[in-house]
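Every value quoted in this text rests on a predicted model; they were computed, and no experiment measured them. In this chain, numbering begins with 1 at the start of the sequence shown.
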Amino acid sequence: MSIKEEKAALRREIKQRIRVLSKEDIKSQSISACKLAAGLIAFKNARTILSYRALPGECDPAELVKAAASMGKNVAYPVCSGDGGLELYIPSDGSCFVKGAYGIAEPDRERSGRMMIDQIDLIIVPGLAFGRDLYRLGRGGGYYDRLLNGAAAFKLGLALKEQITERVPRDAWDAKMDAVACSFGIYC
């Protein structure tokens with residue numbers, strides 16, 4: 001089986017695991033993962049964080065974002081650019097989000113401040129699966145791998161327990177996390 005086929009098979013398996021979860025279970029696991037992540041030194045020391053807006057079935061970083069805001073940290077979000085990359089913006093307020101590519105809420109460029117990747121101290125990374133080896137499997141677009149491979153920031157995966165697997169199949173360009181937080185612990 002090729003790496004591409006292994007990734008496709010794992011994506012199907014993880015989506016099936018997540019499909020049976022209730023919204024309450026996802027919310028509960030998300031809150032637990034965020035509480036654990038908030039205890040990391042990398043989070044405490046970060047001045048500017050890149051987060052994401054959760055899709056249905058994803059570990060939601062909202063509680064971690066609230067903690068960051070209460071500590072006076074800047075929180076940026078990605079915006080899909082036309083060239084297959086991600087641009088980073090800090091919205092001026094919570095009303096600045098619009099539906100973007102793939103139905104994901106992203107900051108309105110007109111009402112948000114642009115950031116560069118070297119201004120980010122910590123990246124909260126979504127994924128479909130995370131291996132105990134700290135590699136992630138995304139949805140297949142490569143947006144985050146392109147961003148992460150050029151970033152010096154601490155890379156923090158956020159996951160539901162159903163998204164944790166022994167290992168994920170990977171290609172040379174797949175980015176490794178510095179840590180992965182889920183409801184039952186943190187992998188470093």
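Here the CG-CD1 distance, from Asp121 to Ile49, works out to 8.0 Å after rounding to the nearest 0.5 Å. Rounded to the nearest 0.5 Å, atoms CG (Asp174) and NZ (Lys7) are 3.5 Å apart. Put simply, OG on Ser32 and NZ on Lys161 are 9.5 Å apart, with the number rounded to the nearest 0.5 Å. Interatomic distance, Lys73 NZ to Lys44 NZ, rounded to the nearest 0.5 Å: 10.0 Å. From Glu87, atom CD reaches atom CD of Glu106 across 9.5 Å, with rounding to the nearest 0.5 Å. Distance CZ/Arg170 to CZ/Arg136: 14.0 Å, rounded to 0.5 Å.
Test Ser30, Pro126, Ser51, Cys34 against Leu158 for side chain to side chain contact (heavy atoms under 4.5 Å, CB included) and you get one pass: Cys34. Each of Leu156, Leu36, Leu64 was checked for a side chain to side chain contact (heavy atoms under 4.5 Å, CB included) with Phe43, and the lone residue meeting it is Leu64. Of the residues Asp178, Val180, Leu122, the one that meets the side chain to side chain contact (heavy atoms under 4.5 Å, CB included) test with Lys155 is Asp178.
Cluster membership for Val75 and Leu55, using ILVMFWY side-chain heavy atoms within less than 4.5 angstrom, is not shared. Under the 4.5 Å side-chain heavy-atom criterion for Ile, Leu, Val, Met, Phe, Trp and Tyr, Ile123 and Ile90 are members of the same hydrophobic cluster. Linking ILVMFWY residues whenever their side-chain heavy atoms come closer than 4.5 Å, directly or via other members, leaves Leu10 and Met177 in distinct clusters. Using a 4.5 Å cut-off between side-chain heavy atoms of Ile, Leu, Val, Met, Phe, Trp and Tyr, with links allowed through other members, Phe184 and Leu40 fall into the same hydrophobic cluster. Follow the hydrophobic side-chain contacts under 4.5 Å out from Leu86 and you reach Met115 in the same cluster.
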**OP:** Would you check, one step at a time, whether the test side-chain contact (heavy atoms from CB on, under 4.5 Å) holds for Leu88 with Leu147?
**Re:** CA-CA 10 Å; Leu88 315 178; Leu147 178 78; 4.3 Å; yes
Subject >> Intermediate values then yes/no, salt bridge (charged side-chain N to carboxylate O under 4.0 Å, His left out), Asp133 and Lys176 >> reply: CA-CA 8 Å; Asp133 59 357; Lys176 187 174 186 178; over 6 Å; no
**OP:** Please assess Tyr135 against Arg167 for the test side-chain contact (heavy atoms from CB on, under 4.5 Å), listing each intermediate value before the final yes or no.
**Re:** CA-CA 7 Å; Tyr135 282 92; Arg167 60 171 281 284; over 6 Å; no
**OP:** Take Tyr144 and Tyr52, measure what ring pair (Phe, Tyr, Trp, His ring centres under 6.0 Å) needs, and give me the verdict at the end.
**Re:** CA-CA 11 Å; Tyr144 270 91; Tyr52 64 92; 7.3 Å; no
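Taking every heavy atom of both residues into account, Arg11 and Gly138 meet most closely at NE-O, 2.9 Å. For the pair Pro107 and Ser112, the tightest heavy-atom approach, listed with the atom from each and the gap, is CB-OG, 3.4 Å. Of all non-hydrogen atoms in Ala33 and Ala159, the two that sit nearest each other are CB-O, 4.3 Å. Residues Val65 and Tyr77 approach most closely at CG1-OH, 3.4 Å, considering heavy atoms. Nearest heavy atoms, Gly85 versus Tyr143: O-CD2, 3.5 Å. Closest approach of Arg17 to Glu162, counting heavy atoms only: NH1-O, 2.8 Å.
Using a distance-only test at 3.5 Å, with no hydrogens or angles considered, a donor-acceptor pair links the side chain of Asp145 to the main chain of Ala175. Without hydrogens or angle criteria, Thr48 side chain to Asn74 main chain gives no donor-acceptor distance under 3.5 Å.
With respect to the salt-bridge test (charged N to carboxylate O, under 4.0 angstrom), the residues Lys4 and Asp171 do not qualify. One finds a salt bridge joining Glu63 and Lys66 here, because a Lys/Arg side-chain nitrogen approaches an Asp/Glu carboxylate oxygen to under 4.0 Å.
Ile164 has its side chain within reach of Arg132: a pair of non-hydrogen atoms, C-beta onward, lies under 4.5 Å apart.
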